[in-house]
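Taking it in order: structure first as structure tokens, then the write-up.
Chain identifiers are assigned alphabetically (A, B, ...) following the order of the sequence lines, protein sequences preceding nucleic acid strands; residue numbering begins at 1 within each chain.
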Amino acid sequence: MTLQTSPTAQSTATPAGPALDIRKLSKRFDIGTILRRKLVHALTDATFTVDRGEVVALVGESGSGKSTTARLISRLIEPTSGEIYLDGKNVLKSEPGSASLAYRRAIQMIFQDPYGSLNPAMTIGAHIQRPIGIHRGGRNAKEGVVDLLATVGFNPPAEFAAKYPYQLSGGQRQRVAIARALAVEPEIILADEPVSMLDVSIRMGILNLIEELKEKRGIGFLYITHDLASARYIGDRTIVMYAGHQVECAESTELMDQPAHPYTKLLLSAVPNPEAGLVTGDDEARGEIPSLINQPPGCPFAPRCPHVMDVCRGAMPAVTHLSQDHWVRCHLHP
Amino acid sequence: MTEQPILDIQNLYVEYLTPRGPAQAVNNVSFSIGAGEVFGLAGESGCGKSTIAHSILRVLRPPAVITGGQIRFRGQEVLTMGDEAIEAFRWRGAAMVFQSAMNSLNPVITVGEQVMDVLETHTKMAPAERRERAEELFEIVGIENKRLTSFPHQMSGGMRQRVVIAIALALNPALLIMDEPTTALDVVVQKDILRQIRRIKEKMGFSILFITHDVSLMVEISDRMGIMYAGEIVELAKSKEIFNNPIHPYTQGLLSSFPSVTGQKRKLSGIPGTPPDLISPPRGCKFHPRCVKCQPIETERAPRLTEVLPGHWVAAHAGMPLPQIAAGGT
């Protein structure tokens, strides 16, 4: 990881750079009428990289723009502005409108709900065979299916290939979704809350699988979650998002041990802590994420921030590097 | 406990009569909740924790049937109460905050009216008194009075959840049952609400039955807790004790399913396999197919809940005899 994670880094595409390079990606949704213009600033200036063999965790509350980021990268929706580089190629320029087959092969996605993401009328084998057929045009896709099912932990894999989604548990379905993403040999997998709908006892199995795929196959993951603990568990780096802005980024352990942004501190203090118990009566930041419609200037966290200063309400703070891999956007760290 | 418990459940059995046969959703569950105590039931989906909550208020719907056991509220049997008695018991005796309750508010009536509705139906208060009480309740849960005239869609999820808690508290219940009250909320809001609940509880002195799948959250909020698996309580003790000295292999597995934000990073294993089918559960200990410490006896005979340390009950063969496990710890 280099300085390129910083939202201000401006360099031209480097051929040996990271697999996925996102620069100043923004998305605004226009929900108003002609007379009353209303803009939802879902994502503002997202800038980061995801390399092969790396898990980047994107953490934030609902409405912070995490899923929008994934949807923009997967090109399910088009960005308002910004650039997406895949292996040094500016894909929004070279393939405007819709993504090429090659891009869709390189970037795969796993969704939150393993009950909604599989077709109930198709066997597990067919789910995995289909992308192989589309992307690799292979007739001999059968064998690949069994291998993939074995990779994601099905035993015996051939037996599971003949089953239907309703015969599988939530955790098993999520493994199928992962196998389906792997079928086209992607470079990057965008995993949007892949374990939050699963039972707690099987979550670790999926997270460990992601880690294994990262290490053995060199796949890069963008792991989207609201759970800081799991971000620390599998994320090499963690980016904290608030109201559509990235506010802090660091190596995961460092971020949680030495958080710099007041919002990161707030999030950390809200994680259940069985050791200390529920501390009551202290005065820290409270409240909820603000409306993203027609945002005022300044730092979006200012209304909730316990350390708010006048300058915070006027301007969005710039990026400050605390160390090479740790940056924060906060006026407390000028 | 020397004083009479608020709620005492003995040998409760609940079945769901499905076309494939009866599913044993709650199997011989016993526990009691003392005055002012926060008791937790933790477990994964389908372990029967919500079914117990619904049984207490007798709001189970077919095909669920209570097939045995007693539920006593302040010594009085709930399961045999007549219509009038059960009406009085609900809200006043025990009130419930349901899972995703924030979506259970009526979208076309202001939240204030919804609070006052409960008071109108269940008390003889005059309209002015009802309004006063509604304002008081909003203050208790931390919402401004002026929000009484808001509609649910004008409020955030956290605020709606507070409204639902205010409604549950309307008649000063002795027992508040909360079924995953904060699961759908963001962590920061969740923490806020949990703190508030704890504060209100200390002020008003009611007991809480708290249900969640999040064991670390449970350890934080509850005094004592039961860990449920496949319709049975497999371990029951003070929450801190369960956290520091889990004995049942399932409890140990659950606790190692939650990564931490502090300390050394270590590999967590979770629990292999999936929860069993309750219509044809495994013989013997229901956890044995997933158990890493399974002993031959478990496949034959179901372990019984036994007090292995003072106040610490466990239903497992593995780990017995106890002294080594307690000393060896995990």
Please state whether the side chain, the backbone, both or neither of [X] comes within less than 4.5 Å of a heavy atom of chain A.
X	value
B:S256	backbone
B:L217	both
B:P272	neither
B:E44	both

Quick check: do [X] and [Y] have side-chain heavy atoms less than 4.5 Å from each other?
X	Y	result
B:P259	A:M204	yes
A:R304	B:V188	yes
A:V271	B:K191	no
A:I202	B:I271	no

Name the member of B:G46, B:G253, B:S260 that forms the most heavy-atom pairs with chain A at distances under 4.5 Å.
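Heavy-atom pairs under 4.5 Å are most numerous for B:S260.
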
- Query: If you measure from CD1 on A:I234 to CG on B:L268, what distance do you get to the nearest 0.5 Å?
  - Reply: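 If we round to the nearest 0.5 Å, A:I234:CD1 and B:L268:CG are 12.0 Å apart.
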
**Prompt:** Just by distance, do the side chain of A:Y233 and the backbone of B:K265 share a donor-acceptor pair under 3.5 Å?
**Reply:**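 Between the backbone of B:K265 and the side chain of A:Y233 there is no qualifying donor-acceptor contact (under 3.5 Å).
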
Given heavy-atom pairs under 4.5 angstrom as the criterion, report whether the side chain, backbone, both or neither of A:R232 touches chain B.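 It is both, since atoms from each part get that close.
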
key: chain B contact via A:S62 - side chain, backbone, both or neither, heavy atoms under 4.5 Å   =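 Answer is both: backbone and side chain atoms of A:S62 are under 4.5 Å from chain B.
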
With side-chain contact (heavy atoms from CB on, under 4.5 Å) as the test, would you mind laying out the steps for A:M256 and B:T262 before giving the verdict?
-> CA-CA 7 Å; A:M256 316 230 178; B:T262 54; over 6 Å; no

Discussion item. Is a donor from one side chain sitting under 3.5 angstrom from an acceptor on the other, for B:R290 and A:S201?
Written reply: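 Yes, because at least one side-chain N or O of B:R290 sits under 3.5 Å from a partner of the opposite role on A:S201.
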
